[in-house]
There are 2 protein chains.
Amino acid sequence: MNIGAAARASGVSERMIRHYEQIGLIPPAARRDSGYRDYSDADVHRLHFIANARDLGFGIEEIGSLLALWSDRNRASGEVKALALARAEELGRKARALEGMRTTLLDLARNCAGGERPDCPILDRLEE
Amino acid sequence: MNIGAAARASGVSERMIRHYEQIGLIPPAARRDSGYRDYSDADVHRLHFIANARDLGFGIEEIGSLLALWSDRNRASGEVKALALARAEELGRKARALEGMRTTLLDLARNCAGGERPDCPILDRLEE
DNA sequence: TCTGCACCTTGACACCATGTCAGGGTCAAG
DNA sequence: CTTGACCCTGACATGGTGTCAAGGTGCAGA
């Protein structure tokens with residue numbers, strides 16, 4: 001399978017497939033005589049796994065660990081669970097931070113008349 | 001005031017002060033004969049404004065708009081309010097996305113025994 | 001005056017994940 | 001053989017920030 005087909009089948013863009021290969025997240029693809037990369041169903045399966053992990057907010061390094069655990073039949077699921085929980089906590093921290101900013105902005109906007117008048121507590125707040 | 005003192009007083013790192021100057025977010029700093037940048041209290045004030053806006057999640061371009069509105073005495077506060085509300089909505093979207101990922105991860109982790117056993121729905125889910 | 005240290009300058013490279021473009025080669029169908 | 005779709009590599013961009021290197025400046029103390 002050429003890289004374009006692998007990209008469509010896995011949900012990972014051609015660009016990122018080449019990138020993941022370059023940084024060593026996935027092993028170098030097989031090559032045809034032409035130099036074209038050639039992907040097996042197993043390769044696509046792995047790419048799909050990566051796409052899902054990215055959708056869950058895992059970073060490249062964590063995905064590397066997950067891939068290792070995934071392909072290890074004797075893995076201990078505790079490690080996977082720990083990674084997932086750490087990721088969940090990190091996501092929670094970020095979500096709370098964003099929510100805090102959002103609340104602050106909405107509070108400020110509520111006290112801002114809008115329209116043509118120059119008065120605006122939003123800018124005042126930024127000056128503090 | 002040298003750049004180091006301005007950085008400490010404003011909460012913007014030296015690195016970012018130079019960066020903001022380079023990308024035109026702030027005007028080029030005055031220079032001493034030595035070539036050292038020289039900052040006034042007004043400059044520091046503006047940097048502080050930028051630091052606060054960054055803390056609220058505004059991007060560089062939006063901060064440029066806010067700076068223009070800030071220094072415009074005849075500004076209409078409606079524009080500022082619109083920027084703040086747009087930012088709040090964007091932050092809300094991101095926060096909800098993160099929260100969704102977090103919930104998914106926690107659900108998966110709850111069904112993962114952990115410990116030494118290899119069974120793990122987290123990895124199964126990533127395979128789907 | 002010399003020395004040393006803290007500070008400043010510019011430029012470059014790094015991260016993370018991704019897009020896009022250019023300049024070339026390959027393949028398959030018409 | 002031509003055409004168009006596909007592939008290759010390499011480079012540059014984004015955003016916001018860190019860090020490092022090689023060199024100049026400023027000031028205080030011996």
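Naming: A, B, ... by sequence-line order, numbering from 1 per chain. This structure is a prediction, so every number in the text was calculated from the model and none was measured.
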Distance (rounded to the nearest 0.5 Å) between A/F58 CZ and B/M101 CE:
11.0 Å
For the pair made of CE in B/M16 and C1' in D/dG18, what is the distance, rounded to whole Å?
10 Å
What nucleotide among D/dC8, C/dC8, C/dT18 has an atom nearest to a side-chain atom of A/I3?
D/dC8
Test for a donor-acceptor pair under 3.5 Å between the base of D/dT9 and the side chain of A/R18, counting only N and O atoms.
no
Give a yes/no on whether any side-chain N or O of B/R37 is located under 4.0 angstrom from OP1 or OP2 of C/dC8.
no
Name the closest nucleotide to the A/R15 side chain, picking from C/dT9, C/dT20, D/dT9.
C/dT20
Distance check, rounded to the nearest 0.5 Å: B/I3 atom CD1 versus B/D43 atom CG?
11.0 Å
Ignoring hydrogens and geometry, is there a side-chain-to-backbone donor-acceptor pair from A/D107 to A/T104 under 3.5 Å?
no
Are the side chains of B/I63 and B/Y20 in touch, meaning some heavy atoms are under 4.5 Å apart?
no
Whole Å only: how far is the NE2 atom of B/H19 from the C1' atom of C/dT9?
18 Å
Distance from A/L47 atom CG to A/E21 atom CD, nearest 0.5 Å?
10.0 Å
Please produce a list of atom pairs where a protein N or O lies less than 3.5 Å from an N or O of nucleotides 26-29 of chain D.
unit_1: D/dG26; atom_1: OP1; unit_2: B/S34; atom_2: OG; d: 3.4

NZ of B/K81 to CG of B/L69: how many Å apart, nearest 0.5 Å?
14.5 Å
Protein-nucleotide distance (B/D38, atom CG; C/dC8, atom P), rounded to Å:
11 Å
Expressed as a whole number of angstroms, how long is the span from A/I17:CD1 to D/dT9:P?
13 Å
Atom pair CZ (A/R8) and CG (A/N2), whose distance is rounded to the nearest 0.5 Å:
9.0 Å
From A/L105 atom CG to B/R87 atom CZ, the distance as rounded to the nearest 0.5 Å
8.0 Å
Check whether any side-chain nitrogen or oxygen of A/S13 sits under 4.0 Å from OP1 or OP2 of C/dG19, and answer yes or no.
yes
Residues from residues 43-68 of chain B lying under 4.0 Å of DNA chain D - heavy atoms:
B/R54, B/G59, B/I60
Under 30°, 30 to 60°, or over 60°: which ring-plane class applies to B/F49 and B/W70, parallel, tilted or perpendicular?
parallel
